[in-house]
Each structure stands twice: as C-alpha cells, then as structure tokens.
Amino acid sequence: MTGAGTHDGSLERLKREGRIVVVGASLAGLRAAETMREKGFAGSLTMIGDEPYEPYDRPPLSKQVLLGNAVADHTALPRRRAIDAEWRLGVAATGLDMAAHRVKLGNGDEVEYDRLLIATGVRARPWPNPEEGALKGVFVLRTRDDAEGLQRALAAGPRRVLVIGAGFTGSEIASACRERGLEVTVAERGDAPLVGALGGVIGAVAAEMHRENGVDLRTGVMVTSLEGDPSGRVRAAHLSDGATIEADVVVVSLGAQRNTEWLAGSGLGAGPRGIACDAGCRAFDIRGIVTDDIYVAGDVARSPHALFGYQFLSLEHWGNAVAQADTAAHNMLSESADRRPHLWVPAFWSSQFGVNIKSVGVPPMGTEILITQGSLAERRFAAAYGYQGRLIAAVTFDNCRWLPFYEQQIEATAPFPPPFSTVDRRPDGAKPLPADFPDPSVPTHGPTITLSGYSPADRKMTFTPGR
C-alpha cells in the first residue's frame, strides 16, 4: 500500500484500505480525522498524542478555567462525528523514517502509514534556567494539566502573582488574577503589552488597561532570575533594572516553541520555526522538494499565503488550525486536480479586563495604522493596518461588527488608507501613524503570527501570479 494514491485507481484503494496516521491528538488532528471520515476514508486511522487526554479546547484554559468558571477536564472538544480511530495517547512520537513510511514512538513501537498528517502544535517556552523553573509555584500555561495546577494555585489566594511576558496569554492571566482580586505584577521586556502582536499604538492602549485595572505593569525590563526559599518554593524574582519582586506564584508566559525536535534527521523540512509546507499543506523535505504523502496542519505548520506576498506564515490561531486541518484532510484523499490551497485569512480573539479584542489579517506585517472607527480613549474602536499601500490587517476593541467588512477588504487587496467614508466618529483629517512594531530581531512576548521568510525552493526567484 505504500505510495497509494499516486497511480490510477490507487486513490480509491487508499480510501478503502489505506493507513493514515495523525501525529498530534489536537484540535487540528481531530478536525482532520473527522474530515477524512466524512470524505469516505474507510481504512485504518491512528491518532498519536503525547498527552494522556483526547483532544481538548485550549482557549478556555486561560479564560474560564483560571477564573474557576470551568474545570479543565470539561474542555474536551465536541465531536462532529465518530472517527473510529486507534488512539495511542500518552506516548510521544520520537522519530520519522520517511523511506520506510514509519513513525517511531517513545515506547519503542513503530506505526506504518500510507499518508501522514503532522499536527504536533507548540508547547509553552519554559523558564530558561531549569533549576529555577522547577521551583514550586512556577508555572507555564499550555496544557490541561498546566491550567489545573495554576487554577489551584490562584484559588489558594497567593499574596502576589508575577506574570513574565505580556502577550495575549500573559495578559489574559493577569486579567484573571485581577478578577479574582489577586495582586499581580506583569514584567514585559517590550515597551507595552501586546506590542509584538499588535504594535506600539495598540500596545499603549493595552498598557492603560492593565494599569487602570490594578496591574503593577513593568515594561522594558527582563526577569533575570527567580529565587526560591529553603523548601524549594519560589519567593522572589530579580529584574534587570535592579528591582526585586516578592511573589509566591510565577507564571512564565514567554511564547511558544514548535514541536519539531522529533523530526531531527528525518529529512523533512522542519526546524524551530515549524514544518515548511506548500499551500496545499504538503510538507517539504530539506531540499525544498514537496512530499506527496506527508501533510502538516495547525500551529506547527509554516505555509505560504497568496494574500501576504507568499511569505511563510506560522499561525497560532484556533480558526487556522480548523481550516488548515480541513484542507490537509481533503488534499490527502484527492487527486492533484481536485486539491485546494489553504487561504484562510488569519483571525484571532482575546478577552481581557472586560474588553473583547479581535483581529483579522497579519498585523505584524503592517507598517502603518489608522483608527477608522471609534476612539482609542474610549477603548471601543477599529484600526486598520497598511503595508505598501495595501490593507493588510485590522483589529477591534469591543467593536467586532466591523471585522467581516475588513476581512473582505483584505481578501480584495483593498488600498490603504481605506478610501471609504462610512465610518463612525473618525476624527477630521486623521492620518495614518507608524504601527510601531518592535524590531523583529528583538524578541517580545506573544506574537501569534510569525513571518518566517520564504520556501527554501524559491530563494532565487520571485513569482507574481497574473491578475
């Protein structure tokens, strides 16, 4: 069966009796498996996951679970249909033999495949000093177990919580702490919260939100070390400006690392920025040649997007994982002529300090920003981002009714500044401002979109499709 789907009639054979393996029992992995069954795949389906749980929903972990409004073991993803899979949970994939079509597992087993979908996602970036990171009271937040542990620590009423990093997750954690009435300090090496994801103009608004809600926000600083007491519990953090913060709970929110280490030496085009794939979700090998039996979906994928100059984007977005999984599953079971590209417009949402933040497009590509509806002062606004005369993204604070409009404008490659005049309370003569993103070579905490260059296969060429 190896290589099924490459010759006449073999696609039907693949659907009837092939072996598909999904590495990553995640949102993307589950949605892909459901789509495969919907498309008539009747062969064997194996789901491999390093956690002991079937796929669950992550957004509630930093929102409802930390507030005690939901419990982590009630976050299982709803099923669209039965997938009739063999679940290999609690065992990690440790290697890939592309020639033999086998996935190696941490328990020594090997699983053969005809088609492989990699949806291993990301993990929380740990505190760089392992000894300090192992102190009691030091947490990261990514998994169900992380959320359960942190929720218990917050419910115990710590004197002070320190959140290291003010990206979306760090800001949501700080918001949950304040809603619980806990004292919280946020340390961010950038100039403002959310600056890596939304730029300095919006970051300034986010900083005001933190401070007005009682957060002790420290920007432009780094935590240089964590200090424990004799019992091995964290008690303080030391900052680069010489300050010391006493805290009995520390949450490390330094962004994510893509789960690609298990692919080292496999010959697949995988690295710290993710697994490179084409617009149809087929993985590249290290020579830049596309494979036809290995597909990628979700946070671990780096894929080119026609709307954004064919740059490779890595997206840590819920909606992207669903849409890309659906595309990958469709293409795995289709002839070449019937395959389709993954062209989902990135979209993201966050809830913090009582404000609903939503974005579409790729804000970090923007060099300019224009407030098009509402006002920054009232924290109810829409803002458009421009890049080289094109509308590239939009963000709203408590004003999401405009987002479908901006999504259509982005898809239509509309000009920037937007020429329309149907806007509420747009200041007379308002002009675009610099979007004020930090230098990409200086890490900030929490961008959810990473612009990661171009395919190794097109380093020496530019391709401009006909219009």
Write down the atom of A270, the atom of L263, and the distance for their closest heavy-atom approach. CB-CD1, 3.9 Å

Answer whether the closest heavy-atom distance between the side chains of F312 and S314 falls below 4.5 Å. no

Minimum heavy-atom separation for L194 to A206, with atom names? CD1-CB, 3.9 Å

Going by heavy atoms in the side chains, are P418 and Q409 under 4.5 Å from each other? no

Considering residues, nucleotides and ligands other than R81, do more than 12 of their heavy atoms fall under 6.0 Å from its CZ? yes

Closest heavy-atom contact between A329 and M36? CB-CG, 3.8 Å

Tell me yes or no: between the side chains of R123 and N259, is some donor less than 3.5 Å from an acceptor? yes

Has the side chain of R178 got a donor or acceptor atom that lies under 3.5 Å from a matching backbone atom of L182? yes

Check R160 with E183, please: is the shortest side-chain N to carboxylate O separation under 4.0 Å? yes

Can you tell whether the side chains of E316 and R258 come within less than 4.0 Å, N to carboxylate O? yes

With a cut-off of 3.5 Å and sequence neighbours excluded, list every side-chain donor-acceptor pair involving residues 126-134.
| from | atom 1 | to | atom 2 | distance (Å) |
| --- | --- | --- | --- | --- |
| W127 | NE1 | E132 | OE1 | 2.8 |
| N129 | OD1 | E131 | N | 3.0 |
| N129 | OD1 | E132 | N | 3.0 |
| N129 | ND2 | E132 | OE2 | 3.4 |
| E132 | OE1 | L226 | N | 3.0 |

Cationic N near anionic O, under 4.0 Å, D278 to R282: yes

Should the pair W344 and H317 be assigned to parallel (<30°), tilted (30 to 60°) or perpendicular (>60°) ring geometry? perpendicular

Assess, by modelled atom type and distance only, whether the side chains of T396 and Y406 contain a donor and an acceptor separated by less than 3.5 Å. no

Ignoring hydrogens and angles, tell me if any N or O in the side chain of D299 forms a donor-acceptor pair with the backbone of V122 under 3.5 Å. no

The complete set of ring pair (Phe, Tyr, Trp, His ring centres under 6.0 Å) pairs with one or both residues in residues 211-255, sequence neighbours excluded, reads none

For the pair D326 and R340, find out whether any cationic side-chain nitrogen is under 4.0 Å from an anionic carboxylate oxygen. yes

Which pair of non-hydrogen atoms, one from C400 and one from P404, has the smallest distance, and what is that distance? O-CD, 3.7 Å

Short N-O contact, D229 and R235, less than 4.0 angstrom: no

pair I83-L30: side-chain heavy atoms closer than 4.5 Å: yes

Any non-hydrogen side-chain atom of L154 less than 4.5 Å from a side-chain atom of F139? no

Judged by modelled atom types alone, do T35 and R80 share a side-chain donor-acceptor pair under 3.5 Å? yes

Heavy-atom count around F416 CZ within 6.0 Å, excluding the residue itself: above 12? yes

